[in-house]
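Here the structure comes first, spelled out in structure tokens, and everything after it is commentary.
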Amino acid sequence: MHKIGFLGCGNMARAIIGGILAKGIVAPGEIIASARTQATIDAAHERFGIDVTLDNAEACKASVVFLAVKPQMYESVIAEAAPHFSSETVLVSIAPGKTLAWLSDASGLAKVVRLMPNTPAAVGEGMTSVVIGKGCSAEDADLVLEIVDSFGKSERIPEHLMDAASAAAGCSPAYVYMMIEAMADAAVLEGMPRAQAYRFAAQAVVGAGKMVLESGQHPGALKDAVCSPGGTTIEGVRTLEACGFRSSVTEALIATVDKARSL
Ligand SMILES: NC(=O)c1ccc[n+]([C@@H]2O[C@H](COP(=O)([O-])OP(=O)(O)OC[C@H]3O[C@@H](n4cnc5c(N)ncnc54)[C@H](OP(=O)(O)O)[C@@H]3O)[C@@H](O)[C@H]2O)c1
């Protein structure tokens, strides 16, 4: 029997599978993924060496089943899958907005888990929020956490913080990519080759993130430390403030929370 199943094999499933296999948590043959189209499952098999199927029922037989389809597909895919779960199946949602109570009702399963991973999982730098349902045993929780920790960092949080965590880590990579793109555009405008500009901008973001995590300093203090009096950086800070940079980011995250609550 497969240990881990994926219903859906898109961006997020591939990121998770890549992370799991990179850390060797399970062998490729212990993972099975389903999707809607032959092209998707062929590509997943070729890339990861995992078992693949067009039949969701096959993937439902795994011990831990990730629901890796779009939130709008959850209802129909769970309805199709439910007859094929065993009472011991651990069902893992990675979608925003679907509560533990909803998942349990829809699937008939006691063992349900909510995760909000992000695509940096593909390079082992994921940040995943975890809510483990009361029906899960300590062993189930250990297995889920072992899987999640294989592709980055994770933290267990109360369920009411899931939408906030989704905004802060699940969606935010998209906004960071936009910022990297914009930073690189400016460097290109000044004559830097584009590939080099992406390396400079991306490494600056990696380094700044590590400074926040490892220095223990407030982000504002770290920002102040980069801004010499009368210097170049403070000119950029002034311009960002004039353009509403921080409020734009905050509003964007609040919009994602609102959307998650509407799903
Ligand atoms: N992308 C992110 O950064 C991110 C972050 C956190 C959470 N999530 C969550 O992760 C979930 C998946 O998102 P995604 O970005 O990976 O989506 P995606 O790239 O569009 O992948 C969706 C997958 O679902 C498959 N699918 C569609 N209908 C199906 C069905 N009836 N049965 C089985 N498989 C079916 C698709 O198959 P085909 O390829 O054959 O069409 C595709 O492989 C969503 O709930 C999303 O909210 C995503």
Side-chain angles (χ1 to χ4, degrees), residues 2 4-20 31-48 50-62 65-85 91-100 102-103 106-107 112-123 125-131 147-148 151-155 157 161-178 252-253 255-263:
H2 294 95
I4 308 174
F6 288 85
L7 299 176
C9 197
N11 289 314
M12 200 61 243
R14 291 194 295 266
I16 294 173
I17 293 167
I20 291 171
I31 298 178
I32 183 165
S34 66
R36 196 172 33 179
T37 61
Q38 189 70 40
T40 294
I41 61 169
D42 286 349
H45 176 69
E46 194 163 318
R47 178 168 165 194
F48 300 117
I50 60 172
D51 291 339
V52 291
T53 177
L54 288 175
D55 182 4
N56 285 341
E58 282 303 305
C60 289
K61 293 177 189 156
V65 177
F66 281 77
L67 272 166
V69 295
K70 291 291 186 197
Q72 296 82 352
M73 299 293 303
Y74 261 48
E75 202 160 350
S76 61
V77 169
I78 292 181
E80 179 196 346
H84 307 287
F85 293 136
L91 185 65
V92 180
S93 162
I94 59 170
K98 303 298 182 199
T99 63
L100 289 178
W102 184 92
L103 290 163
S107 66
V112 288
V113 172
R114 283 183 76 181
L115 302 181
M116 184 46 62
N118 61 9
T119 51
V123 293
E125 291 290 348
M127 182 68 222
T128 306
S129 42
V130 182
V131 185
I147 292 170
V148 162
F151 49 81
K153 295 185 168 57
S154 71
E155 288 192 25
I157 59 171
L161 291 181
M162 263 318 244
D163 294 330
S166 302
C171 307
S172 60
Y175 317 141
V176 174
Y177 300 141
M178 289 169 73
L253 267 68
T256 70
V257 168
D258 290 345
K259 177 69 179 177
R261 290 190 179 139
S262 75
L263 289 171

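For ligands, and for the atoms within them, numbers begin at 1 and follow the listed sequence.
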| message | Can you list everything that forms a side chain to side chain contact (heavy atoms under 4.5 Å, CB included) with Lys61? Sequence neighbours excluded, please. | response | Glu58
| message | If the condition is ring-ring contact (aromatic ring centres under 6.0 Å, His included), which residues does Phe151 pass it with, not counting sequence neighbours? | response | none
| Distance in Å, Lys153 NZ paired with Ser129 OG, rounded so as to fall on 0.5 Å steps | 15.0 Å
| Would you call the rings of Phe66 and Phe6 parallel, tilted or perpendicular if under 30° counts as parallel and over 60° as perpendicular? | parallel
| message | Quick one, Ile31 and His2 - any side-chain contact, counting heavy atoms below 4.5 Å? | response | no
Considering only N or O atoms, set out every pair between ligand 1 and the protein closer than 3.5 Å, with distances to one decimal place.
residue	atom	partner	partner atom	Å
ligand 1	15 (O)	Lys70	NZ	3.3
ligand 1	16 (O)	Asn11	N	3.1
ligand 1	16 (O)	Met12	N	2.7
ligand 1	17 (O)	Lys70	NZ	3.2
ligand 1	19 (O)	Asn11	N	2.9
ligand 1	19 (O)	Asn11	ND2	3.3
ligand 1	32 (N)	Asn56	ND2	3.0
ligand 1	37 (O)	Arg36	N	3.3
ligand 1	39 (O)	Thr40	OG1	2.6
ligand 1	40 (O)	Arg36	N	3.1
ligand 1	40 (O)	Thr37	N	2.7
ligand 1	40 (O)	Thr37	OG1	2.6
ligand 1	40 (O)	Thr40	OG1	3.2
ligand 1	41 (O)	Arg36	NE	3.3
ligand 1	41 (O)	Arg36	NH2	2.8
ligand 1	43 (O)	Cys9	N	3.0
ligand 1	43 (O)	Gly10	N	3.2
ligand 1	45 (O)	Val69	O	2.7

| task | Could I get the full list of side chain to side chain contact (heavy atoms under 4.5 Å, CB included) partners for Ala164, not counting sequence neighbours? | result | none
